Amino acid sequence: LFGKPVVDEETLEALEEVLLTADIGVATSMKLVEEVAERVRRKELTDPEVLRVHLKTRIAEILIEDEGHLDLGPKRPYVVLVVGVNGVGKTTTIGKIAAQFTARGDKVVIGAADTFRAAAIEQLAIWGERVGAQVIKHEHGSDPAAVTFDTLEAAKARGADLVLIDTAGRLHTKTNLMEEMKKIRRVAGKAIEGAPHEVMLVLDSTTGQNAISQAKTFNETITVDSIVLTKLDGTAKGGVIVGICDELKIPVKFIGIGEQVDDLRPFNAAEFVEALFS
Amino acid sequence: SLSDKLADVFKSLTGKGKLNEKDIEAALKQVRMALLEADVNFRVVKQFVADVRVRAMGQEVARSLTPDQTVVKIVREELVRVMGETCEELDLRAAPPVPILLVGLQGSGKTTTAGKLALYLKKKLRRSPYLVPADVYRPAAVEQLKKIATDLDIPVFDTDVNDDPVEVCKKAGEAARIGGYDTIIIDTAGRLHIDEELMGELGRIKEALDPNEILLVADAMTGQDAVNVAGEFDRALGLTGVVLSKMDGDARGGAALSVRAVTGKPIKFVGMGEKSDALEVFAPDRVASRILG
Ligand SMILES: Nc1nc2c(ncn2[C@@H]2O[C@H](COP(=O)(O)OP(=O)(O)OP(=O)(O)O)[C@@H](O)[C@H]2O)c(=O)[nH]1
Ligand SMILES: Nc1nc2c(ncn2[C@@H]2O[C@H](COP(=O)(O)OP(=O)(O)OP(=O)(O)O)[C@@H](O)[C@H]2O)c(=O)[nH]1
Ligand SMILES: [Mg+2]
Ligand SMILES: [Mg+2]
């Protein structure tokens, strides 16, 4: 694609293909290519290599990093509510994050607020045990808001540093489930003032343009503070995040690169962009 | 929707008897964008648009339709044609217990679909299915399928997580034979199509069981990557069909077209919810409408 000595129509088309096949989406890809095409027309960009660098820089500017770490701040416990649609990697991501903090001596409490899906509580309990974090759970089928409340009460009582609340996967189109999530958020605030301090949306990098509706709806419902993009160890590029950052200005904190406890990395915009073009 | 966009393209043209080249190109531009927005793979879109162009050239505008309606009609017919005009049944012609193997990426809905298929076989096809939890890696995966099975009152193999999955499948096959069940549904661990070791493991499970059906469970919201995943699973194992899960969301479902176009394998079912009764037989015209927006 960039092996040609001159920028022509073919170069721009090939460029559009790279962006579209990375799931960057029609609107965002067209916008990016048009910006570049304009500079080409004004003869500001004539070398394909420079064009490539310019485009990478432009995309990296849109992406929003957040130093890739959770800053627990002075008031403890710091409460993170983890949400997202079904199967994206919420439970696994909580295990990974908990591990990072227990490893440095922080006390982590996890709330098993997915009381709906079969063996969701058992799955989380195994992770809690693996990483040395206490898991607060009720019976299967109980009220997730009640679990959340108890988790925060327990966290306060034990002087926890970090609380991670695992919730059931929910499609953003299901109004009753979006309402349930709102209630979980409200109840958290009742147990600890200001909680949740962070609402973390987990997105699957294999997801196409629907990720944008997911992000928008979750954000409109309970305000999303950060994003984790999982499964980047696959062949999907996760390009949907470009449009999401551009429109919603939500920082991407971590990326998931596997199923094991250590497979979590801080989001790095430059590395992400390099991978988009590889 | 595409219909609206095409109506716009053609609103300045009235009383035309035939679609001319310029009209068609303008319309195809809209079709291409609509399909890409619906997550149909880039290359698949290219081929699809080329096929539509061939059909649209010289096409008479039926007196009952406007030019934009003619193009929409062609696009819809092409979508339905590619995705399979007929609904393909499960192939259960074999000596019992007939094995059905579920494979796919992490989190796509395999375990949930296993329960749904078991219920479908029991209630709709009046068969006696046996569930096999062959995912010994994911925490509480065996418990998850066991709980689903118990809720449905469907027998399930008591997997030992210390066994490797091939061992589990062999033992379960034997248990199903002894128990007199006529169908076994094997739930496997999610895996990447690029993980040689785990893909090799599936190959060994296939060899051990000789399944009648190897179904790829794919998430309806999958984007451009759908062709890579489906293509590789098909190449490695020879899929017999696809189940598109989470179609109860608002993903346009372009992955349906991509997967069919790249593997030629039929989509047999769609998952329409988290409960075990949320499984429907694939209807191409319905998915076509959805992709068209
Ligand atoms: N390859 C890979 N797999 C992942 C990653 N993160 C999670 N997974 C896998 O994805 C699958 C789903 O993960 P979960 O943590 O259960 O997802 P979830 O969002 O909690 O799912 P629900 O609670 O059912 O909505 C599991 O098989 C995980 O091991 C990742 O970064 N890479
Ligand atoms: N809304 C909806 N959710 C679904 C559907 N199918 C599965 N799910 C949900 O998607 C999530 C993942 O489903 P699983 O069955 O655990 O997926 P899996 O492929 O077995 O996951 P791994 O074993 O980790 O690879 C769960 O929350 C399911 O309830 C569906 O058709 N609609
Ligand atoms: Mg979970
Ligand atoms: Mg599973």
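Not measured: the values here are computed from a predicted model.
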Item to check | Heavy atoms of other groups near B:Glu25 CD, more than 12 under 6.0 Å | outcome: yes
Checklist entry - Given that the side chain runs from C-beta out, which part of B:Asn228 has a heavy atom under 4.5 Å from chain A: side chain, backbone, both or neither? => result side chain
Item to check | A:Asp233 vs B:Leu192, side chain to side chain contact (heavy atoms under 4.5 Å, CB included): CA-CA, chis, key distance, verdict | outcome: CA-CA 8 Å; A:Asp233 45 318; B:Leu192 295 178; 3.4 Å; yes
Checklist entry - So which of A:Lys237, A:Glu17, A:Arg130, A:His140 has the biggest tally of heavy-atom pairs under 4.5 Å with chain B? => result A:Glu17
Next on the checklist: Which atoms of B:Leu145 are under 4.5 Å from chain A, going by heavy atoms: the side chain, the backbone, both sets, or neither?
Outcome noted: neither
Next on the checklist: At a 4.5 Å cut-off on heavy atoms, which part of A:Val85 comes close to chain B: side chain, backbone, both, or neither?
Outcome noted: side chain
Next on the checklist: For A:Gln260, is the CD atom crowded, meaning more than 12 foreign heavy atoms sit under 6.0 Å from it?
Outcome noted: no
Checklist entry - Within a radius of less than 6.0 Å around CZ of B:Arg290, do more than 12 heavy atoms belonging to other residues, nucleotides or ligands occur? => result yes
Checklist entry - Is there a side chain to side chain contact (heavy atoms under 4.5 Å, CB included) between B:Glu274 and A:Asn86 once you walk through the steps? => result CA-CA 9 Å; B:Glu274 296 194 71; A:Asn86 309 71; 3.1 Å; yes
Checklist entry - Under 4.0 Å between a Lys/Arg side-chain N and an Asp/Glu carboxylate O for A:Glu16 and B:Lys46? => result no
Next on the checklist: Just checking A:Lys137: does its NZ atom have more than 12 heavy atoms from other residues, nucleotides or ligands closer to it than 6.0 angstrom?
Outcome noted: no
Item to check | Note, B:Gln144 side chain near A:Glu122 side chain (heavy atom, < 4.5 Å) | outcome: no
Checklist outcome for this item: If one checks every heavy atom of A:Lys174 against chain B at 4.5 Å, the contacting part turns out to be side chain
Checklist entry - Can you say whether B:Asp248 sits under 4.5 Å from chain A via the side chain, the backbone, both, or neither, judging by heavy atoms? => result both
Next on the checklist: Hydrogens and angles aside, do B:Asp39 and A:Asn210 bring a side-chain donor and acceptor to less than 3.5 Å of each other?
Outcome noted: no
Checklist outcome for this item: So, the part of B:Gln106 with a heavy atom under 4.5 Å from chain A: the answer is both
Item to check | Greatest number of heavy atom pairs closer than 4.5 Å to chain A - which of B:Asp219, B:Ile194, B:Val229 | outcome: B:Ile194
Checklist entry - Is it true that atom CG of A:Asn176 has more than 12 heavy atoms of other residues, nucleotides or ligands lying nearer than 6.0 Å? => result yes
Checklist entry - With a 4.5 Å heavy-atom cut-off, do B:Leu36 and A:Leu20 have their side chains touching? => result yes
Checklist outcome for this item: Residues B:Ile148 and A:Ala118: closest non-hydrogen pair is CG1-CB, 4.1 Å
Next on the checklist: With no hydrogens and no angle check, just 3.5 Å: does a side-chain donor-acceptor pair link B:Asp225 and A:Thr206?
Outcome noted: no
Checklist entry - Is a donor on one side and an acceptor on the other found under 3.5 Å between the side chain of A:Asp23 and the backbone of B:Gln224? => result yes
Next on the checklist: Using the rule given for side chain to side chain contact (heavy atoms under 4.5 Å, CB included), can you reason through A:Gln209 versus B:Met221, listing the C-alpha separation, both sets of side-chain angles and the distance that settles it, and then say yes or no?
Outcome noted: CA-CA 8 Å; A:Gln209 298 310 300; B:Met221 52 183 116; over 6 Å; no
Checklist outcome for this item: Contacts satisfying salt bridge (charged side-chain N to carboxylate O under 4.0 Å, His left out) that involve residues 130-151 of chain B (not counting sequence neighbours) are B:Lys146-B:Asp158, B:Lys147-B:Asp151
Next on the checklist: Just so I understand: if I count every heavy-atom pair under 4.5 Å between each of B:Thr222, B:Thr111, B:Asp250 and chain A, which residue has the most?
Outcome noted: B:Asp250
Next on the checklist: Does B:Met33 form a side chain to side chain contact (heavy atoms under 4.5 Å, CB included) with A:Met30? I'd like the steps, not just the answer.
Outcome noted: CA-CA 10 Å; B:Met33 291 219 292; A:Met30 276 175 57; 3.7 Å; yes
Item to check | Top contributor to chain B interface from A:Val88, A:Thr235, A:Ile126 [non-hydrogen pairs under 4.5 Å] | outcome: A:Thr235
Checklist entry - What are the two closest heavy atoms between A:Ala119 and B:Ala140, and how far apart are they? => result CB-O, 3.7 Å
